[in-house]
Amino acid sequence: MLDQKLVRNELEFVAERQRIRNVEIDQTRLSELETQRKAAQKRSEDLQATRNSRSKAIGQAKGKGEDVQPLLDEVAQLGGQLKEAETELNSVQEELSSIMLSMPNLAHESVPPGKDEEDNIEVRKVGEPRAYDFDVKDHIDLGERNAALDFETASKITGSRFAIMHGEMAQLHRALVQFMLDTHTLEHGYTEVNVPHIVNRDSLKGTGQLPKFEEDLFKLVAGEDVSDKAKQEANKDYYLIPTAEVPVTNIVRDSISSSDELPIKLTCHSVCFRSEAGSYGRDTRGLIRQHQFEKVEMVQIVTPDQSWQALEDMTSHAENILKKLDLPYRVVILCGGDIGFSAAKTYDIEVWLPGQDAYREISSVSNCTDFQARRMQARFRSEASGKPELVHTLNGSGLAVGRTLIAVLENYQQADGSVAVPDVLVPYMRGKQTILTS
RNA sequence: GGAGAGUUGGCAGAGUGGUCGAAUGCGGCAGUCUUGAAAACUGUUGACGGGUUAAACCGUCCGGGGGUUCGAAUCCCUCACUCUCCGCCA
């Protein structure tokens, strides 16, 4: 959520900045609502002040044993007026807050304008795609051996966009997870956490998935009645996490850290669940786009002055995994039209996939500045002012495990259809140097 | 699943209808003392919104939502969570 004061006082500036994302702000409606809000709030607060002072007078009069009936008559019609004023205020504030909750973060000055991924700008390219003296296969073909990747059986068990990894494939997948976690904890200074894969509405609201992107999520229906209104008000609705960013970042929701606790650097392996609504027909084959996939996530909670450096650091941490795996990749900065809702700036890392003859996203690293922090009320006590201030939150994949698996398979494939194990993974594979040999 | 007890400021913890945003302690901050530090002592210290050059001032907040009342941390309803005991269970 943006700072209401900023939207109120610098509406033109905010609208201009949102145009970088191709988002149009209804300035007229917003300033209208703001005027109404001010008037309604004033009226309601004045009435409350009257009520408070009158009630206090009644208390005092009673204490002295005086007759309070005249005072009671005086406030007789106050209740109705107050209720009316509050109803009006509530309705204005509800509309305002729904607009505010649906408004994306302000893009950083360095974010280029643009419509979609075509307009993203390459920052650097690292490693050269290998030359192969045989016809390259994609990961689906490579995984056919020993049914190492089995999509048919998965669709029988569940449905489309699920996969079974079998034998060496499952082992390699697990090796990648261990390797990534070890690298982040031992070399990059992160602490490993393990978190719930089911979260409530408040958490999803905190990181920005709700209220706007409900259709991307899997919502759980418990055995009992979930339409219970009281339970919904208690935010008891449960959802499967679309990314570990949600539970991990929400660790600091509604809390005030002391400044020496920052930065908080956490890494987390989790399963992620996405409904992929709206992506029918895209990447329907293979592991690229699944309803369920695994990811190692990095999250940092930092003071505002550190967040832009942290974004660069986190990007390099994700890149380091690819470097160690010796996979060719490039880093792009997302343009305004492609950047996520909560992010002020995002770097995508795209790995080279010989089977697709293309670079494909394998990590996305974002600085969400104070956008999520404001929704979550995640604060730290500033040493300078002694007052609570909003933290900055960042998250990034380090990396998407399934896609990394694809990249290893396709980049390390050999003429006979087997796949060499990258050196750094050999210890995690119990010394095995080649898989899918027959 | 059953029974009971709880949820209060950064933390701990009082407070059962009327100057209670809330005692007290810890922590934090400032000062006294000290070469310096510690200890001791003194003072100060909630968040959010509105308002002001700055203050003053006004409003809201005692787990969430609703209700009773002129007035609610305090009474009622409801939901969530925590703890203890019983049952079940990986």
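Computation of the quantities below employed the complete heavy-atom set of this structure, encompassing side-chain atoms and omitting hydrogens, waters and symmetry-equivalent molecules. All chains are named by letter (A, B, ...) in the order of the sequence lines, taking the proteins before the strands, and each is independently numbered beginning at 1.
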Contact class for [X] vs. all strands (heavy atom < 4.0 Å): base, sugar-phosphate, or nothing?
{"X": "Gln60(A)", "result": "base"}
{"X": "Asp46(A)", "result": "nothing"}
{"X": "Lys42(A)", "result": "nothing"}
{"X": "Arg8(A)", "result": "sugar-phosphate"}

Please name the nucleotide paired to [N] by Watson-Crick or G-U wobble geometry with both distances under 3.5 Å, or report none.
{"N": "rU34(B)", "value": "none"}
{"N": "rA90(B)", "value": "none"}
{"N": "rC75(B)", "value": "rG67(B)"}
{"N": "rC29(B)", "value": "rG43(B)"}
{"N": "rC85(B)", "value": "rG2(B)"}
{"N": "rA22(B)", "value": "none"}

So, for [X] and [Y], is the gap between ring centers shorter than 6.0 Å?
{"X": "Phe273(A)", "Y": "His291(A)", "value": "no"}
{"X": "Trp308(A)", "Y": "His108(A)", "value": "yes"}
{"X": "Tyr239(A)", "Y": "Phe218(A)", "value": "no"}

Partner of Gln372(A) under side-chain contact (heavy atoms from CB on, under 4.5 Å), picked from Lys205(A), Arg253(A), Glu245(A), His392(A), is Glu245(A)
Per side-chain contact (heavy atoms from CB on, under 4.5 Å), Asp348(A) is matched among Thr315(A), Leu334(A), Ile333(A) by Leu334(A)
If I pick the [atom1] atom on [M] and the same atom on [N], what distance separates them, to the nearest angstrom?
{"N": "rG10(B)", "M": "rG28(B)", "atom1": "P", "answer": "16 Å"}
{"N": "rA54(B)", "M": "rU44(B)", "atom1": "P", "answer": "25 Å"}
{"N": "rU53(B)", "M": "rU45(B)", "atom1": "C1'", "answer": "26 Å"}
{"N": "rC61(B)", "M": "rU19(B)", "atom1": "P", "answer": "15 Å"}
{"N": "rA14(B)", "M": "rU7(B)", "atom1": "C1'", "answer": "15 Å"}
{"N": "rA5(B)", "M": "rA90(B)", "atom1": "P", "answer": "32 Å"}
{"N": "rG65(B)", "M": "rC26(B)", "atom1": "P", "answer": "34 Å"}

Rounded to whole angstrom units, what separation is found between the [atom1] atom of [X] and the [atom2] atom of [N]?
{"X": "Leu47(A)", "N": "rG71(B)", "atom1": "CG", "atom2": "P", "result": "13 Å"}
{"X": "Asp254(A)", "N": "rU7(B)", "atom1": "CG", "atom2": "C1'", "result": "15 Å"}
{"X": "Asn9(A)", "N": "rG49(B)", "atom1": "CG", "atom2": "C1'", "result": "14 Å"}
{"X": "Glu86(A)", "N": "rG49(B)", "atom1": "CD", "atom2": "C1'", "result": "15 Å"}
{"X": "Lys56(A)", "N": "rG71(B)", "atom1": "NZ", "atom2": "C1'", "result": "11 Å"}
{"X": "Gln93(A)", "N": "rG59(B)", "atom1": "CD", "atom2": "C1'", "result": "12 Å"}
{"X": "Arg201(A)", "N": "rG64(B)", "atom1": "CZ", "atom2": "C1'", "result": "14 Å"}
{"X": "Leu71(A)", "N": "rG18(B)", "atom1": "CG", "atom2": "P", "result": "18 Å"}

Heavy atoms from C-beta onward define the side chain here; which of [options] lies closest to that of [X]?
{"X": "Lys5(A)", "options": "rC70(B), rG50(B), rA47(B)", "answer": "rG50(B)"}
{"X": "Ala49(A)", "options": "rG51(B), rG59(B), rC48(B)", "answer": "rG59(B)"}
{"X": "Asn52(A)", "options": "rC58(B), rC70(B), rU60(B)", "answer": "rU60(B)"}
{"X": "Pro388(A)", "options": "rA47(B), rU60(B), rC81(B)", "answer": "rA47(B)"}
{"X": "Lys83(A)", "options": "rG51(B), rG67(B), rG18(B)", "answer": "rG67(B)"}
{"X": "Arg381(A)", "options": "rG49(B), rG10(B), rG71(B)", "answer": "rG10(B)"}
{"X": "Ile256(A)", "options": "rC70(B), rG10(B), rC58(B)", "answer": "rG10(B)"}
{"X": "Arg379(A)", "options": "rG49(B), rC70(B), rA47(B)", "answer": "rA47(B)"}

| query | Side chains of Lys219(A) and Asp237(A): closer than 4.5 Å at any heavy-atom pair? | reply | yes
Kindly assign one of parallel, tilted or perpendicular to the pair His184(A) and His188(A), based on the angle between their ring planes and the thresholds 30° and 60°.
tilted
In terms of the angle between their ring planes, are Phe151(A) and His139(A) parallel, tilted or perpendicular, with boundaries placed at 30° and 60°?
-> perpendicular
Does [X] have a side-chain nitrogen or oxygen under 4.0 Å from the phosphate oxygens OP1 or OP2 of [N]?
{"X": "Lys387(A)", "N": "rG46(B)", "result": "no"}
{"X": "Gln48(A)", "N": "rU60(B)", "result": "yes"}
{"X": "Arg37(A)", "N": "rG50(B)", "result": "no"}

Note: for Arg51(A) and Lys38(A) on RNA chain B, the residue whose nearest nucleotide lies more 5' is Lys38(A)
The answer to which of Asp3(A) and Leu78(A) contacts RNA chain B further toward the 5' end, by nearest nucleotide, is Asp3(A)
